[in-house]
Protein chains: 2
Amino acid sequence: MGKNVTIYDVAREAGVSLATVSRVINGSSVVKPKTRDKVLEAIQRLDFKPNQIARGLATSKTTTIAIVFPQSLFAHVKDMIGGIGDTSRRLDYSVSIYTTDEIGDGNPIETVIEKVVKSRADGVILFNNEEIEKEITLVNKYKIPAVVIGTRVTGDYMGSIFADAKKIAYEVVDRYLAQDKSDILFVSPKQNLINVEEMIVGIQEAYQKYHMNFDATKQVVRTSSHYEKSYPQFLEYFKNHKHDLVFTSYDKEAVAVVNAAIDNGIQVPDEMDVIGMMNTSYALICRPSLTSIHVPVYDMGALAVRLLTKILNEEEIEDKAVVIQHLLMPRDTTKKDF
Amino acid sequence: MGKNVTIYDVAREAGVSLATVSRVINGSSVVKPKTRDKVLEAIQRLDFKPNQIARGLATSKTTTIAIVFPQSLFAHVKDMIGGIGDTSRRLDYSVSIYTTDEIGDGNPIETVIEKVVKSRADGVILFNNEEIEKEITLVNKYKIPAVVIGTRVTGDYMGSIFADAKKIAYEVVDRYLAQDKSDILFVSPKQNLINVEEMIVGIQEAYQKYHMNFDATKQVVRTSSHYEKSYPQFLEYFKNHKHDLVFTSYDKEAVAVVNAAIDNGIQVPDEMDVIGMMNTSYALICRPSLTSIHVPVYDMGALAVRLLTKILNEEEIEDKAVVIQHLLMPRDTTKKDF
DNA sequence: CTGAAAGCGCTAACAA
DNA sequence: TTGTTAGCGCTTTCAG
């Protein structure tokens, strides 16, 4: 659509060479104030907007970072997009989104990463998911600097931001076991930002501390991340089940548990405690309101971008694997004294 | 990071000119099968990934669309990103996100649109919000093809996708007025994807039909889109208020109303009906479950991309303003006979 | 302090 | 059917 004004136009208008224009738009300090003003004025008059594409070609830098995640993880990612967006904007990066596992047309992760490669994004932010290993292998193969959110990774030009999943799980389970409440059920969907395997390890370690055993085959139930699926599943389940604690890896699943339990006449928290994770609005809205583990997702997004740009600029980095802190938010699905 | 293989490398490897390589990667039909195979093989061997940036410079096309929205609208936009992402991928476009009104560093819409201009995105998707007029003026000024979601707009190289806000509001209010229930409260946050002004017009028209008057100064309450703010507001409000119906422009606000009303001893739906909008998971999770207006947000995203690409390709377009259908989903916050 | 000129990697006439 | 060549709009030496 329409002719765009180029650096040549500005040069002509200002009566200088294009090299000079380039210098002023890049803030070079060597250009004489008077010339600079002339150029600036021409830029203003012509409403010149430097073409990032051309600049990208010339510099082999796009100042763009890509974020790639499966659609199913979107609920988690969305809360981070705030931090990712704000921070990239502040650091003058654009962000492009690439999603995987959409409906229908089988879109293997290879294809998605290939798109990222073609786009020449400077770096990429990945999110923990089932295929994360493969994703990491691919970004390494193409030497794309990356930071992954949700699980620890190591490697050149790689960083990671994550909550200590093992510790989170250990802490809550320990609390219950200390009170002799060992009938604990752990609920998790397949895709999860927090490393579920590690959480299970944390739970097991807590049981070991009390010389007890956590039976993952019976005390872990998988569920859908869609309430329409998980709620009916638990409505059935709680017809003949009750636990000291049901601990879920995401609030939405916890709400399904709470509602299904209550609908089966189980008093929450009097007869059963429920704890969710991520401290989302679901936890606030739920009745009774849901006790949840707060994880600063906005900050994780912001940190991820910052870390990635440090890697890109080869800045000094204290630690390329940053553990973010979590916090238990007690509400009404756990007993007062808990 | 590291040298990328270029079209020259492939040409040399295959023993042809770079023009031929360009032809095969662009699927030109004029190249002899045998040559094509040679080239394809070289591409394979070298793992060549065409540089989109260079291609963008050469063609003045980036096959990228930008989506810009205020952070505060993210809750709405997120549900559309699925449709936007899937559809752009299918049509071979990338999507870049640009958010406005983040914390702190005042980021006027002009600056954001300027970034879009510099990025040379082929087109942009905008979302109805307080500043939409200004946004439209800007994209017109820079002649960026655009489609806006959430409100009707007209113009060259512009399209829009929206629900009929006036009709939605008219229909629900009409239902109540027909039953002599005219004490209706309309609740809305400032930013909303659905055009709130139009909804109010729809409500007013319904009242007029019954020769009654809807007093916008008293029957409309503004609230925050944060539950932490809206719930306390309504907790206070319902100490001395009760209505036939509380109708909100988004489910989350409706849930705040439901919870606050119940906490003040108001029976929902026996004493007061509540209806939300967008039919989100909040509606399902809420107790009692929330009656809501379903709007196919995924499809809106998908349609927006499709429409935008039609505009970009100057394809035949039946209607550049497409109204999407809504549907009332009755649940437990409205009386059975309603 | 400023200008000339050589790319960056690819597309698209135009020739052959 | 294939190759040659001139850009696309900008950055960046290298001279001056």
Side-chain angles (χ1 to χ4, degrees), chain A residues 1-40 42-43 46-64 92 115 117-122 142, chain B residues 1-40 42-43 46-64 92 115 117-122 142:
Chain A
M1 322 268 98
K3 274 252 137 325
N4 275 306
V5 2
T6 75
I7 199 171
Y8 294 100
D9 301 322
V10 177
R12 195 181 325 109
E13 179 83 8
V16 299
S17 80
L18 80 168
T20 301
V21 178
S22 177
R23 285 186 189 105
V24 350
I25 64 184
N26 287 298
S28 163
S29 55
V30 301
V31 40
K32 186 160 61 171
K34 206 159 173 182
T35 330
R36 172 193 310 285
D37 289 346
K38 247 190 342 194
V39 173
L40 250 20
I43 287 177
L46 269 40
D47 199 16
F48 168 63
K49 309 288 178 201
N51 183 332
Q52 279 287 46
I53 300 301
R55 191 189 297 227
L57 222 212
T59 58
S60 320
K61 283 210 179 78
T62 53
T63 55
T64 293
D92 256 309
K115 284 190 179 158
V117 174
K118 290 182 182 168
S119 82
R120 296 299 192 269
D122 292 341
Y142 293 115
Chain B
M1 320 272 98
K3 275 253 140 326
N4 275 304
V5 2
T6 75
I7 200 171
Y8 294 100
D9 301 323
V10 176
R12 194 181 326 108
E13 178 84 7
V16 299
S17 80
L18 79 169
T20 302
V21 177
S22 176
R23 285 184 191 105
V24 348
I25 65 185
N26 288 298
S28 162
S29 54
V30 300
V31 40
K32 187 157 63 171
K34 206 159 176 182
T35 332
R36 171 193 311 285
D37 290 346
K38 249 189 341 194
V39 173
L40 251 20
I43 287 176
L46 267 41
D47 200 15
F48 167 64
K49 308 288 179 202
N51 183 331
Q52 280 288 30
I53 300 301
R55 191 187 296 223
L57 222 212
T59 58
S60 320
K61 282 209 180 79
T62 52
T63 57
T64 293
D92 256 308
K115 284 192 178 154
V117 174
K118 290 182 182 167
S119 81
R120 296 300 192 270
D122 292 341
Y142 293 114

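Note: hydrogens, waters and symmetry copies are ignored here, and every other heavy atom, side chains too, is used.
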Item to check | Nucleotide nearest A:Ala19 when distance is taken to its side chain, options D:dC10, C:dG3, C:dC10 | outcome: C:dG3
Next on the checklist: For a quick test of reading the model, state the closest non-hydrogen atom pair linking B:Arg55 to B:Ile25 and the distance between them.
Outcome noted: NH2-CD1, 4.1 Å
Item to check | Separation of atom CZ in A:Arg120 from atom C1' in C:dC10, rounded to whole Å | outcome: 11 Å
Checklist entry - Nearest-Å distance, CD1 (A:Ile43) to P (D:dG9)? => result 16 Å
Next on the checklist: Counting distance alone, no hydrogens or angles: does the base of C:dC10 have a donor or acceptor under 3.5 Å from a partner atom on the side chain of B:Tyr8?
Outcome noted: yes
Next on the checklist: Quick one: does any side-chain atom of B:Asn51 pair with a main-chain N or O of B:Ile53 as donor and acceptor, under 3.5 Å?
Outcome noted: yes
Checklist entry - Does a nitrogen or oxygen in the side chain of B:Ser60 sit under 4.0 Å from OP1 or OP2 of D:dC8? => result no
Item to check | Atom-pair distance (CD1 on A:Ile25; P on D:dC10), nearest Å | outcome: 7 Å
Checklist entry - Which residues, if any, of residues 30-38 of chain B bring a heavy atom under 4.0 Å of DNA chain D? => result B:Val30, B:Val31, B:Lys32, B:Thr35
Checklist entry - Does D:dC10 have OP1 or OP2 sitting under 4.0 Å from an N or O in the side chain of A:Ser22? => result no
Next on the checklist: Tell me the interatomic distance from B:Asn26, atom CG, to C:dG9, atom C1', rounded to whole angstroms.
Outcome noted: 13 Å
Checklist entry - Which ones in residues 52-59 of chain B lie close to DNA chain D, meaning a heavy atom under 4.0 Å from one of its atoms? => result B:Leu57, B:Ala58
Item to check | B:Lys34/B:Asp37 ion pair, N-O < 4.0 Å | outcome: no
